[in-house]
Amino acid sequence: MLHTQIQITLRAAIREIAPGLDTGSIQVRPATDPKFGDYQCNSLIQLARELKKNPRQLATEVLARSDFSDVFESPEIAGPGYLNFRLLPATLARVLTTAAAGNHLFFTPTETPRTLVIDYSSPNVAKPMHVGHIRSTILGASLARIFELLGHRVITDNHIGDWGTQFGMLLVGWKTSLNREALLQDPLSEMERIYKLINAQSDPERPGFIEGTREQARAELVALQAGDPENLAIWKEMIALSQRQFDTIYGRLGVRFDHVLGESFYNPWLQATVDDLVKRGVARESQGAWAIFSDGTLPPKDDPFLTQRDGEWHPNPFLIQKADGGFNYASTDLATAQYRIETWAPTDIVYVTDGRQQLHFQQLFASFARWKPEAAATVRMHHIWFGSILGEDGKPLKTRSGENIRLSELLDEAEERALKVVTEKRPDLDDAARREIARMVGLGAVKWQDLLPNRQSDYVFSWDKMLALTGNTAPYVQYQSTRAGKVVRDAGETNLVVAPGSLTESAELALARHLLYFGTTLEGAVAEFRPNYLCNYLFELASLYSRFYEQCPVLKAEEPIRSARLCLCVLTTRVLRQGLSLLGIEAPEVM
RNA sequence: GCGCCCGUAGCUCAGUUGGAUAGAGCAUCUGCCUUCUAAGCAGAGGGUCGCGCGUUCGAAUCGCGCCGGGCGCACCA
């Protein structure tokens, strides 16, 4: 796209001036203000300092060796040494016309495709999915779609929690307290109930404490891990019941996975993983458990295996096998990383989890690099973390009765609220049509609220905010796309051409310019794993369209303005729909 | 104690590897539907970007020190 073209030209010119220089820092961005043109480059100032040159002088020299004459007006040097680029009307017309013809949508696929394994959602078996799962699920799915659109190979993997100590309690509960009828009615609630019941019975501090329950749970867990047929059968049934719930929710959210390899899948390799780590001298025995300690290659401050107490640095080991012989998620994650690299040869492995696991992933990545240096050198591992969801009181989110808010209930409520608005706004539509619009609008609102904030911010949950249907929300963007789509439908057959110079109004030009920035926005979103850049872009595009729509009649305009404006409507519709779909949000034809 | 993160308008938050006059939504106030959908548009008010020092042409952004808050730190994930 255009910003890359400018970048390439500038970099070539700089290499002429200063051969051998790394020009990676030369960045071209959309102009911050229309009065500065359409694109700007601020990087020369810093470069001038490195070259010990006057920035404006350097800018002059660079421009003397660059030719933009076919595409831009002659670039201006402004302020301390900014370069400002203004599109020729013919260039704008050409880019819009080729896009309208379907040749591109303001982005180009990458020239260096990567293979990414993206690990997200990861719900637990036998527990209802709650709002806490939404960020990982929505964020991971969105990132997967954006990478894919830009031409990367994406492998999504749902690493579900289908193994672990909680099954000891669940098995005791299943055998002693299961209500079969309740299980048929609502399996997740019943499994949750028996888990909580046994959990309370195991805790001497709690009222329902029963001597020996904890030991019983441990025994059931050991039996399960040893392959006891009865326990295995119950365990499989719990997974099947849970998977049905996952499928329902993922279906509603429009989320899918290439693989669902839960923790249990890696069981067969765990002992070998720990043995190999010990054999290679990475892990050693400590207090009966097996753990990875600092190898002293990093300064203590940056070493994830050290922590400071009372002014002294103490070991902060990564535990990979418990003293009782059981494995934990450290060993599972190490085996998982190994499996993924062997199986898919990825360039990147992306873990989308909450920020509280940062230390775990630092230790995991460092441990893996020491265990498999050759494999680790072929892959970048990213912990893409996000903030916690808090209640209105700033504490971890719970309902009044202390329960988690169920994801299914949140989605139901979203659709109900949207239906009220649709019914009010569009009494002329039939019931089925209203419900379908309400579904897209309600779910869109939820996803938008989740993706709009910077992912690292903590997140204060409120029904009103999560389900907001006005302002900076998905329904606003969806609404603008229906307005644009309606104009296009009403136009009938048209020659989609933007004649050079036919766009002159500031509302037209601002809209057109913003369409061109779609590609650079996607690149930015992918570079930092931040779909909120795309949300901001789409809201801005929708706002610019709305202004254009108020100020510039389309169908009543004279040619060639009519065609040019219609092109803007067509392209706005396409970019909004494409952008929303990357966020997992559907766009109705009418609202 | 150490580490990570946060502190921006009344409220909730953006701010794209340091850039030009710090933005949006909500809320409040004023206008705009006989003209392609008013789930909309135009406008107004509202800021010592927690505080201080530093780095430099230039800091909400980088460094150091405080103040305030959240999270994590050995057998849960």
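Predicted, not measured: the structure shown is a model, and the values here were computed from it. Just so we're on the same page: letters track the sequence lines, and every chain starts at 1.
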Ignoring backbone atoms, test whether [X] places a side-chain nitrogen or oxygen under 4.0 Å from the OP1 or OP2 oxygen of [N].
X        : N     : value
A:Lys486 : B:U37 : yes
A:Asn472 : B:A14 : no
A:Asn532 : B:U16 : no
A:Arg356 : B:C4  : no

Ionic contact status for A:Arg439 with A:Glu436, cut-off 4.0 Å: yes
Closest listed nucleotide, where the reference is the side chain of [X] and the choices are [options]:
X        : options             : answer
A:Thr482 : B:G1, B:C76, B:U37  : B:U37
A:Arg29  : B:U37, B:C73, B:U16 : B:U16
A:Glu528 : B:A77, B:U16, B:G15 : B:U16
A:Pro317 : B:G15, B:A14, B:A74 : B:A74

Checking only heavy atoms, does the side chain of A:Asn84 share a donor-acceptor pair with the base of B:A20 at less than 3.5 Å? yes
Regarding B:A77, can its base be found pairing with the side chain of A:Thr332 as donor and acceptor, where the two atoms are less than 3.5 Å apart? no
Just the rounded figure in Å: distance from P of B:G72 to CZ of A:Phe318. 17 Å
Find the distance A:Arg530:CZ to B:U17:P and express it as a whole number of Å. 12 Å
Taking the [atom1] atom of each, how far is [N] from [M], in whole Å?
N     : M     : atom1 : value
B:G23 : B:G46 : C1'   : 14 Å
B:A20 : B:U61 : P     : 13 Å
B:U48 : B:C53 : C1'   : 16 Å
B:C11 : B:G47 : P     : 12 Å
B:G15 : B:A59 : C1'   : 14 Å

Touch class at under 4.0 angstrom, heavy-atom based, for A:Cys552 against every strand present: base
Which part of the nucleic acid does A:Ala330 contact within heavy-atom distance under 4.0 Å: base, sugar-phosphate only, or nothing? nothing
Runs of at least three consecutive Watson-Crick or G-U pairs, both distances under 3.5 Å, are what I'm after; which ones involve RNA chain B? B:1-7 with B:67-73, B:10-13 with B:23-26, B:28-32 with B:40-44, B:50-54 with B:62-66
Please set out all donor-acceptor pairs under 3.5 angstrom arising from side-chain atoms of residues 422-429 of chain A, sequence neighbours excluded.
residue: A:Thr423; atom: OG1; partner: A:Leu419; partner atom: O; Å: 2.6
residue: A:Arg426; atom: NE; partner: A:Asp428; partner atom: OD1; Å: 3.0
residue: A:Arg426; atom: NH1; partner: A:Met591; partner atom: O; Å: 2.8
residue: A:Arg426; atom: NH2; partner: A:Asp428; partner atom: OD2; Å: 2.8

If you take any heavy atom closer than 4.0 Å to RNA chain B, which residues from residues 562-572 of chain A end up in contact? none
Annotated protein contacts, base or backbone, on nucleotides 38-43 of chain B with a non-hydrogen cut-off under 4.0 Å, one of B, S, - each: SBSSS-
Return a table of donor-acceptor pairs under 3.5 angstrom between the side chains of residues 160-171 of chain A and protein atoms on other chains or two or more places apart.
residue: A:Asp162; atom: OD1; partner: A:Glu263; partner atom: N; Å: 3.0
residue: A:Asp162; atom: OD1; partner: A:Ser264; partner atom: N; Å: 2.7
residue: A:Asp162; atom: OD1; partner: A:Ser264; partner atom: OG; Å: 3.4
residue: A:Asp162; atom: OD2; partner: A:Ser264; partner atom: OG; Å: 2.8
residue: A:Trp163; atom: NE1; partner: A:Asn267; partner atom: OD1; Å: 3.4

By side-chain contact (heavy atoms from CB on, under 4.5 Å), which residues pair with A:Val487, not counting sequence neighbours? A:Tyr545, A:Tyr549, A:Val554, A:Leu555, A:Leu566, A:Cys569
Who passes side-chain contact (heavy atoms from CB on, under 4.5 Å) against A:Phe368, sequence neighbours left out? A:Leu334, A:Ala337, A:Gln338, A:Ile341, A:Trp371, A:Lys372, A:Ala375, A:Ala376, A:Met381
Using the rule side-chain contact (heavy atoms from CB on, under 4.5 Å), only one of A:Gln357, A:Arg356, A:Gln363 pairs with A:Leu359; which is it? A:Gln363
Taking only residues two or more places apart in sequence or in another chain, which ones pass ring-ring contact (aromatic ring centres under 6.0 Å, His included) with A:Phe246? none
Sorted by chain and residue number, the ring-ring contact (aromatic ring centres under 6.0 Å, His included) partners of A:His382 (sequence neighbours excluded) come out as A:Phe529
Distance only, no hydrogens: is a donor on one side chain within 3.5 Å (strictly under) of an acceptor on the other, for A:Gln480 and A:Arg483? yes
Close N or O pairs between protein and nucleotides 58-68 of chain B (under 3.5 Å):
residue: B:G58; atom: O6; partner: A:Arg49; partner atom: NH2; Å: 3.2

Can you run down the side chain to side chain donor-acceptor pair (under 3.5 Å) pairs that involve residues 516-529 of chain A, sequence neighbours left out, and say none if there aren't any? A:His3-A:Glu523, A:Glu528-A:Arg530, A:Glu528-A:Tyr533
Quick one: which protein N/O atoms are closer than 3.5 Å to N/O atoms of nucleotides 6-11 of chain B? Pair and distance per line, please.
none

